[in-house]
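Lettering follows sequence order; numbering is per chain, from 1. Reckoned from all heavy atoms, side chains included, excluding hydrogens, waters and symmetry mates.
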Number of protein chains: 2
Amino acid sequence: MTELLKGVLEGVVLQVIQNSQETYGYQITNTLIELGFQDIVEGTVYTVLLRLEKKNLVTVEKRKSTVGPARKFYRLNDAGVAYLADFWRKWAFLVDQLVKIKH
Amino acid sequence: MTELLKGVLEGVVLQVIQNSQETYGYQITNTLIELGFQDIVEGTVYTVLLRLEKKNLVTVEKRKSTVGPARKFYRLNDAGVAYLADFWRKWAFLVDQLVKIKH
DNA sequence: AACTCTTACCTAGTAATACTAAGTACTGGA
DNA sequence: TCCAGTACTTAGTATTACTAGGTAAGAGTT
């Protein structure tokens, strides 16, 4: 399963961020687990987030929390929205190809 | 696109082999290109084939050709068939997850 | 105060995999 | 003879997800 995730996880995390307008790593991890990615580990999500930050697809804002350490809140910026749209286009294309091959 | 292929390509190649009962690397590459994987390069397919061989998912038979060097013909063995079925299960699962996340 | 649990983030190292960019070799035709 | 098409191989690299830790803040318990 893990190899199938390659390249997908980035788009998935971007989509999760977009779905909630604004969210942070710990919450994203839990969301993914709830959605069925049982094996996703915190560390993996954080490396994706750092990558998205480095690629300038998200904005980051650190804010204190009353129940633990400060949270880093992520939002998509314009480049992130475009990147996500492109991800879904590529994904749809891939799904199409695989359907063709299967038959 | 290339990152999205990770993990998928192995299943795709297995399926292409199964579709034609028996085939060889050069032909698989051309089939994939025809099917829309424009950017697939020979070298990539051959490394996948060697991997499938190493994992014991295929049988190999070298036979002479009248139009060039000898061809290595691949067939799925039982393990290959099972592996391919498992690939499609995982793929279906992933597609489901992504549909959920998108909405 | 010391402890534990939950929350929250970070990172060094590793494995898997696809691509780059070559190279080798066989056959047939110009 | 040279070239184009056929056919396979491989060393090196980049990307990416996981392993397996570690750090730290707050709240409640003892």
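Between the P atom of D:dA17 and the CD1 atom of A:I33 lies a distance of 16 Å, rounded to the nearest Å. Spacing between atom CD of A:E3 and atom P of D:dT16 amounts to 12 Å, rounded to whole angstrom units. Between the CD atom of B:E42 and the C1' atom of D:dA11 there is a distance of 17 Å, given to the nearest Å. In this entry the distance linking CZ of B:R63 with P of D:dA7 reads 12 Å, nearest Å. With rounding to whole Å, B:Y74 atom OH is found 10 Å from D:dT9 atom C1'. The CD atom of A:E10 sits 10 Å away from the C1' atom of D:dT15 (whole-angstrom rounding). B:Y24 has its OH atom 14 Å from the P atom of D:dT9, to the nearest Å. For the pair A:D39 CG and D:dC18 C1', the computed distance is 11 Å after rounding to whole Å.
Each of A:G25 and A:K6 was matched to the nucleotide of DNA chain C holding its nearest heavy atom; the match closer to the 5' end belongs to A:G25. Nearest-nucleotide mapping onto DNA chain C: of B:L9 and A:Y46, the residue sitting toward the 5' end is A:Y46. When the nearest nucleotides of DNA chain D are assigned to A:T2 and A:G68 by heavy-atom distance, the more 5′-ward of the two goes with A:T2. Nearest-nucleotide positions on DNA chain D place B:L50 closer to the 5' end than the other of A:P69 and B:L50.
Between B:Y74 and B:I17, the shortest heavy-atom contact is O-CG2, 3.5 Å. Considering all non-hydrogen atoms of both residues, B:L14 and B:G80 come closest at CD1-O, 4.4 Å.
Listed by first then second residue, pairs satisfying salt bridge (charged side-chain N to carboxylate O under 4.0 Å, His left out) with a partner in residues 10-24 of chain B read B:E10-B:R51, B:E10-B:K55, B:E22-B:R63, B:E22-B:R75, not counting sequence neighbours. Identified under the salt bridge (charged side-chain N to carboxylate O under 4.0 Å, His left out) test for residues 86-99 of chain B, with sequence neighbours left out: B:D86-B:R89, B:D86-B:K90.
For A:R51 and D:dA17, the shortest distance from a side-chain N or O to OP1 or OP2 is below 4.0 Å. Taking side-chain N and O atoms only, B:Y26 has no distance below 4.0 Å to OP1 or OP2 of D:dC8.
When heavy atoms are screened at a 4.0 angstrom cut-off, A:T47 is found touching base atoms of the nucleic acid.
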Which donor-acceptor pairs under 3.5 Å do side chains of residues 32-47 of chain B form with protein atoms, sequence neighbours excluded?
| from | atom 1 | to | atom 2 | distance (Å) |
| --- | --- | --- | --- | --- |
| B:Y46 | OH | B:Y26 | N | 3.3 |
| B:T47 | OG1 | B:G43 | O | 3.3 |
| B:T47 | OG1 | B:T44 | O | 2.7 |

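The B:K72 side chain lies nearest to D:dT9 when the options are D:dT9, D:dC18, D:dA7.
In this structure A:E3 satisfies the side-chain contact (heavy atoms from CB on, under 4.5 Å) test together with A:K6, sequence neighbours excluded. Residues passing the side-chain contact (heavy atoms from CB on, under 4.5 Å) test with B:A70 are B:K62, sequence neighbours excluded.
Heavy-atom contacts of chain B under 4.0 Å fall on DNA chain C between two terminal nucleotides, which in 5' to 3' order are C:dT17 to C:dG28.
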